[in-house]
Engineer: 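Would you mind keeping the following structure in view while I ask a few things?
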There are 2 protein chains.
Amino acid sequence: MTNLFENINEQNIRKIKRFLRATTTTYPKGVNILSNVNQDDFIAIVDLGSIQFESTDYNGNKSIIETINQGGTFGSLTFPINNEEVSCITKEITQITYIEYDSITNDEISKTDSYIIFIKNLIKILSDQVNEKNNRIEILTKKTTRDKLLEYFKQQVSERGSKTFTIPISFTELANHLSVDRSAMTRELSYLKDDGIIKTNGRKITLLY
Amino acid sequence: MTNLFENINEQNIRKIKRFLRATTTTYPKGVNILSNVNQDDFIAIVDLGSIQFESTDYNGNKSIIETINQGGTFGSLTFPINNEEVSCITKEITQITYIEYDSITNDEISKTDSYIIFIKNLIKILSDQVNEKNNRIEILTKKTTRDKLLEYFKQQVSERGSKTFTIPISFTELANHLSVDRSAMTRELSYLKDDGIIKTNGRKITLLY
DNA sequence: TGTAAAATGTTGCAAATGCAACATTTGTTA
DNA sequence: TAACAAATGTTGCATTTGCAACATTTTACA
């Protein structure tokens with residue numbers, strides 16, 4: 001994952017942050033950080049801790065949209081922040097830096113050293129986000145739980161370069177990622193084992209084809 | 001939709017394109033443009049015509065991933081171009097301009113007038129793409145066809161600002177967008193009408209709640 | 001404008017899946 | 001480390017859905 005200030009030295013980071021009118025806030029665990037965000041477009045960086053975007057259905061169903069860990073980025077440009085159904089909860093003590101979107105392209109900053117690197121990092125981060133969403137969509141468009149699992153496994157194999165890998169999340173979270181019922185997913189996993197398509201040991205999975 | 005060269009005059013567009021080592025190709029209808037794309041990262045702009053990304057399953061099922069019309073943008077940074085399962089077919093005579101990703105942040109171009117505007121347009125395009133994908137994911141994570149339809153309708157209402165709207169695609173394409181069986185979707189639409197939740201007239205739909 | 005292609009509407013049926021309701025194991029933290 | 005919370009595994013059952021196979025209407029274009 002690319003960090004917004006990757007390959008920029010501390011001095012230039014400070015300079016860029018000043019031009020970008022960056023502000024840093026620290027939140028305790030379990031609060032909704034979206035409740036007091038202002039209306040201007042912004043990009044936010046999770047300096048420390050982690051957060052979780054959640055949405056609540058009209059019939060009260062909660063679903064986890066996305067988890068963002070330390071170093072991760074989110075923003076009003078890429079997410080409907082002002083949606084009553086969406087909340088963003090800190091999972092632990094979390095420090096977040098906000099930068100104003102409009103200041104990204106002001107004249108002052110464009111003359112700053114490392115500005116091009118900063119822009120390139122930002123473009124990389126946004127591109128990576130599109131790619132991640134494409135992967136998720138590729139999974140979600142599969143019709144059956146089996147095909148969703150196999151697509152997820154295929155992506156893991158392609159990322160790790162090995163047919164044996166340990167899934168980086170719990171099965172409960174995986175079911176959420178695939179948007180299927182957890183117990184139905186467990187059932188399908190045993191069918192896959194019965195059919196000799198996968199082998200499992202806890203969260204370690206081996207594709208056998 | 002933002003155009004990559006929005007708010008930049010013709011002269012500066014030519015200058016930027018030169019620095020970006022832009023090349024333009026025209027394709028006849030019905031060809032796969034991904035078959036002869038080179039390996040470097042690029043961003044492509046559809047100057048004229050339209051294209052359609054398609055993927056083919058291991059069991060031969062075709063699905064339409066995305067349609068890009070005139071003015072639209074795509075690129076290797078945000079899409080797995082070198083995937084044997086994915087093809088990109090021209091739907092009509094289509095002209096495409098390719099720009100090299102690495103040249104976006106070279107030193108020459110950063111001194112060009114309108115460079116900041118170009119960068120801002122690019123960031124806007126990428127952000128919009130993330131937003132679109134978020135919307136699609138929001139739909140696809142719904143468990144039932146009914147909830148997928150209602151989420152799609154909600155997005156349309158929110159975009160158009162009216163509870164009556166005409167869907168911009170065919171019902172066949174809509175079923176694809178929701179990743180549900182077309183006939184099952186038609187069935188669910190009549191249930192929604194029976195239940196007094198929507199009213200339809202061809203592709204014109206009115207939400208009644 | 002005639003004809004082929006695409007879109008739309010309908011229905012029976014088998015298969016997949018969500019849901020509920022558990023038991024059991026693992027992990028967390030006061 | 002005891003107690004509680006979270007994760008995992010299992011199964012019956014009702015519901016939803018994909019799929020196939022049509023008929024009919026609309027659209028595209030030669």
Side-chain angles (χ1 to χ4, degrees), chain A residues 28-30 50 52 54 57 59-64 67 89 91-93 139-152 166-195 197-205, chain B residues 28-30 50 52 54 57 59-64 67 89 91-93 139-151 166-195 198-205:
Chain A
K29 178 182 174 173
S50 60
Q52 201 160 61
E54 303 174 353
D57 240 35
N59 40 29
N61 296 329
K62 265 191 191 171
S63 71
I64 293 156
T67 303
I89 310 294
K91 291 176 75 181
E92 51 203 301
I93 295 177
I139 290 170
L140 294 174
T141 53
K142 300 283 187 247
K143 296 268 163 67
T144 63
T145 301
R146 170 170 289 217
D147 282 346
K148 285 176 182 164
L149 280 166
L150 292 177
E151 176 63 31
Y152 177 80
T166 302
I167 64 170
I169 51 179
S170 69
F171 284 107
T172 302
E173 288 171 292
L174 178 57
N176 203 283
H177 187 69
L178 311 189
S179 194
V180 296
D181 181 74
R182 185 195 56 79
S183 63
M185 190 188 80
T186 310
R187 179 167 47 201
E188 192 59 45
L189 279 169
S190 25
Y191 293 161
L192 282 167
K193 279 185 271 189
D194 293 348
D195 293 350
I197 294 171
I198 62 169
K199 220 170 50 184
T200 73
N201 180 5
R203 292 179 188 171
K204 194 172 110 184
I205 293 170
Chain B
K29 178 180 173 173
S50 59
Q52 200 159 62
E54 303 174 354
D57 240 36
N59 41 28
N61 295 329
K62 265 190 192 174
S63 70
I64 293 157
T67 303
I89 310 294
K91 291 176 74 182
E92 52 203 299
I93 295 176
I139 290 171
L140 294 173
T141 52
K142 299 282 185 252
K143 296 266 162 68
T144 63
T145 301
R146 170 171 291 220
D147 282 347
K148 286 178 182 163
L149 280 167
L150 291 178
E151 177 61 32
T166 301
I167 63 171
I169 51 179
S170 68
F171 283 107
T172 302
E173 288 171 291
L174 178 58
N176 204 284
H177 187 69
L178 311 189
S179 194
V180 297
D181 182 73
R182 186 194 57 78
S183 64
M185 189 187 81
T186 310
R187 179 168 46 201
E188 192 58 46
L189 279 169
S190 26
Y191 292 160
L192 282 167
K193 278 185 273 189
D194 293 347
D195 293 349
I198 62 168
K199 221 170 52 184
T200 71
N201 180 5
R203 291 180 188 171
K204 194 172 110 184
I205 293 169

Engineer: DNA chain C: Ala184(B) or Lys148(A), which has the more 5' nearest nucleotide?
Structural biologist: Ala184(B)
Engineer: Can you measure Lys143(B) atom NZ to dG18(C) atom P for me and round it to whole angstrom units?
Structural biologist: 6 Å
Engineer: To the nearest angstrom, how far is Asp147(B) atom CG from dT17(D) atom P?
Structural biologist: 9 Å
Engineer: State whether Thr144(A) places a side-chain N or O below 4.0 Å from either non-bridging phosphate oxygen (OP1 or OP2) of dA16(C).
Structural biologist: no
Engineer: Apply salt bridge (Lys or Arg N to Asp or Glu O under 4.0 Å) to Asp194(A) and list each qualifying residue two or more places apart in sequence or on a separate chain.
Structural biologist: none
Engineer: Rounded to whole Å, how long is the line connecting atom CE of Met185(A) with atom C1' of dA16(C)?
Structural biologist: 16 Å
Engineer: Determine the sole option in Ile198(B), Leu174(B), Ile139(B), Thr144(B) for which the side chain to side chain contact (heavy atoms under 4.5 Å, CB included) test with Leu149(B) is passed.
Structural biologist: Leu174(B)
Engineer: To the nearest Å, how far apart are Asp181(A) CG and dG12(D) C1'?
Structural biologist: 14 Å
Engineer: Grab the two heavy atoms, one from Asp181(B) and one from Lys143(A), that are nearest each other, plus how far apart they are.
Structural biologist: N-CE, 4.4 Å
Engineer: Extract from the structure each pairing of a protein N or O with an N or O of nucleotides 5-9 of chain C at less than 3.5 Å, listing the distance.
Structural biologist:
from: dT8(C); atom 1: OP1; to: Arg203(B); atom 2: NE; distance (Å): 3.1
from: dT8(C); atom 1: OP1; to: Arg203(B); atom 2: NH2; distance (Å): 3.0
from: dT8(C); atom 1: OP2; to: Phe171(B); atom 2: N; distance (Å): 2.8
from: dT8(C); atom 1: OP2; to: Thr172(B); atom 2: N; distance (Å): 2.9
from: dT8(C); atom 1: OP2; to: Thr172(B); atom 2: OG1; distance (Å): 3.2
from: dG9(C); atom 1: N7; to: Arg182(B); atom 2: NH1; distance (Å): 3.1
from: dG9(C); atom 1: O6; to: Arg182(B); atom 2: NH2; distance (Å): 3.1

Engineer: Could you state the OH-P distance from Tyr191(A) to dT11(D), rounded to the nearest angstrom?
Structural biologist: 9 Å
Engineer: Check whether any side-chain N or O of Ser190(B) sits under 3.5 Å from a backbone N or O of Arg187(B) as a donor-acceptor pair, and report yes or no.
Structural biologist: yes
Engineer: Below 3.5 Å, does any donor atom in the side chain of Arg146(B) face an acceptor in the base of dG18(C), or the other way round?
Structural biologist: no
Engineer: Take the protein atom CG of Leu192(A) and the nucleotide atom C1' of dA16(C), then report the distance between them rounded to whole Å.
Structural biologist: 14 Å
Engineer: To the nearest Å, how far apart are Glu188(A) CD and dA15(C) P?
Structural biologist: 14 Å
Engineer: Starting from C1' on dA16(C), measure out to NZ on Lys142(A) and report it in whole angstrom.
Structural biologist: 17 Å
Engineer: Using C1' atoms of five pairs at each end, report the bend of the helix from dT1(C)-dA30(D) to dA30(C)-dT1(D) rounded to 10 degrees.
Structural biologist: 70°
